[in-house]
Amino acid sequence: MIKIATWNVNSIKARLPNVLSWLEDFQPDVALLQELKTVDETFPRLEIEDAGYTVETHGQKSYNGVAILAKSRIEDVRRGLPGDDEDDQARYIEATVFGSLRVASIYLPNGNPQPGPKFDYKLAWMDRLYAHVKGCLETEETYVFGGDYNVIPKDDDVYSAAKFKDDALTQPESRARFQAIKHLGLTDALRTYNHNPHQYSYWDYQGGAWQKDNGLLIDHLLLSPEAADRLQGAGIDKTPRGEEKASDHTPVWCELEES
DNA sequence: ATGCCAGGTAACACCTGA
């Protein structure tokens, strides 16, 4: 079985102890990380390698930054989306792990405030992601697109839809693009096994959101048909969110049977 | 309408996040 998890760590340097203990406890075969907030040169590569992982990063100073960790070689790495030429934001990395499995770590733009240039950037970025995913699926390879999509797909995926009515994460334009990407033929791993409302992957640091379970579901694992055929389980690992110095996100995971 | 936390940068305040 290959266990794949996505986790927005909100600074890999601030979160290193949490990440190392999670790797030790949860033992993912592949970890897709977002919001590294540091450049490749200062990513704590040796510590992660000592935990048994191969590492590929696409970092950036202060903001964004994505990585792929695997208990296998990591090959054929793509950094950035096609069409990112004028864009210096590090939000996408994709590579082959375990010989033939393609995985992507995605940090989709937040887009607030909306309307405005940040929201326009989010929508344009989603259009580029759509075009890229479409091309990937045409290869008929096994693909897992995981990450912080910064989209709340349904009103049931947030503790208060009313409070998020004007937020970029719930706008019809954001949801329509997320749906369009899924409708290319992707399967939402979590929703294959868990149809309950109010299943969250993010809780704000403010206002006791974690204690009140005032959360959002914005981290998703989307599987190509070839990956979905091998899907054996999926879930949310809430343990890391309750620990000291936690990220505001918690890992979402899925398991694929070996090919 | 704004701050509430948290992290990074840089400088002892401001930006970004969701």
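Below, chains carry the letters A, B, ... as their sequence lines are ordered, and counting in each starts from 1.
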note = Taken in chain and number order and not counting sequence neighbours, the residues that satisfy salt bridge (charged side-chain N to carboxylate O under 4.0 Å, His left out) with A:R45 are A:E49
key: salt bridge (charged side-chain N to carboxylate O under 4.0 Å, His left out) partners for A:D157, two or more places apart   = A:R191
Atom-pair distance ([atom1] on [X]; [atom2] on [N]), nearest Å:
{"X": "A:Q114", "N": "B:dG17", "atom1": "CD", "atom2": "P", "result": "15 Å"}
{"X": "A:N64", "N": "B:dG8", "atom1": "CG", "atom2": "P", "result": "14 Å"}
{"X": "A:K61", "N": "B:dT9", "atom1": "NZ", "atom2": "P", "result": "6 Å"}
{"X": "A:I218", "N": "B:dG17", "atom1": "CD1", "atom2": "P", "result": "12 Å"}
{"X": "A:F178", "N": "B:dA18", "atom1": "CZ", "atom2": "C1'", "result": "16 Å"}

How is [X] classified with respect to the nucleic acid when contacts are heavy atoms under 4.0 Å: base, sugar-phosphate, or nothing?
{"X": "A:D148", "value": "sugar-phosphate"}
{"X": "A:K118", "value": "sugar-phosphate"}
{"X": "A:I152", "value": "nothing"}

Expressed in whole Å, how much space separates the [atom1] atoms belonging to [N] and [M]?
{"N": "B:dA10", "M": "B:dA6", "atom1": "P", "value": "23 Å"}
{"N": "B:dC14", "M": "B:dG3", "atom1": "C1'", "value": "15 Å"}
{"N": "B:dT2", "M": "B:dA11", "atom1": "C1'", "value": "25 Å"}
{"N": "B:dA1", "M": "B:dC12", "atom1": "P", "value": "31 Å"}

ask   = side-chain contact (heavy atoms from CB on, under 4.5 Å) with A:W210: which of A:Y202, A:Y200, A:W203?
value = A:W203
key: side-chain contact (heavy atoms from CB on, under 4.5 Å), paired with A:Y149, selected from A:L108, A:L169, A:L221, A:I218   = A:L108
Does [N] have its OP1 or OP2 closer than 4.0 Å to a side-chain nitrogen or oxygen of [X]?
{"X": "A:Y107", "N": "B:dA18", "value": "yes"}
{"X": "A:N150", "N": "B:dA18", "value": "yes"}
{"X": "A:N8", "N": "B:dA18", "value": "yes"}
{"X": "A:H249", "N": "B:dG17", "value": "no"}

ask   = Taking only residues two or more places apart in sequence or in another chain, which ones pass side chain to side chain donor-acceptor pair (under 3.5 Å) with A:Q232?
value = A:E257
message = For A:S62 and A:E35, find the nucleotide of DNA chain B closest to each by heavy atoms; which residue's nucleotide sits nearer the 5' end?
response = A:S62
request  = For A:R91 and for A:I12, locate the closest nucleotide of DNA chain B by heavy-atom distance; then report the residue assigned to the nucleotide nearer the 5' terminus.
outcome  = A:I12
key: By side chain to side chain contact (heavy atoms under 4.5 Å, CB included) - contacts of A:D76 (at least two apart)   = A:T96, A:R102
message = I'd like to compare against my own output: the B/S/- annotation of nucleotides 1-7 of chain B with a strict under-4.0 Å heavy-atom distance to protein.
response = ---BBSS
inquiry  = Tell me if the aromatic rings of A:W253 and A:W7 count as close, with their centers under 6.0 Å from one another.
reply    = no
ask   = Can you list the other members of the hydrophobic cluster that holds A:V39, where links are side-chain heavy atoms under 4.5 angstrom apart?
value = none
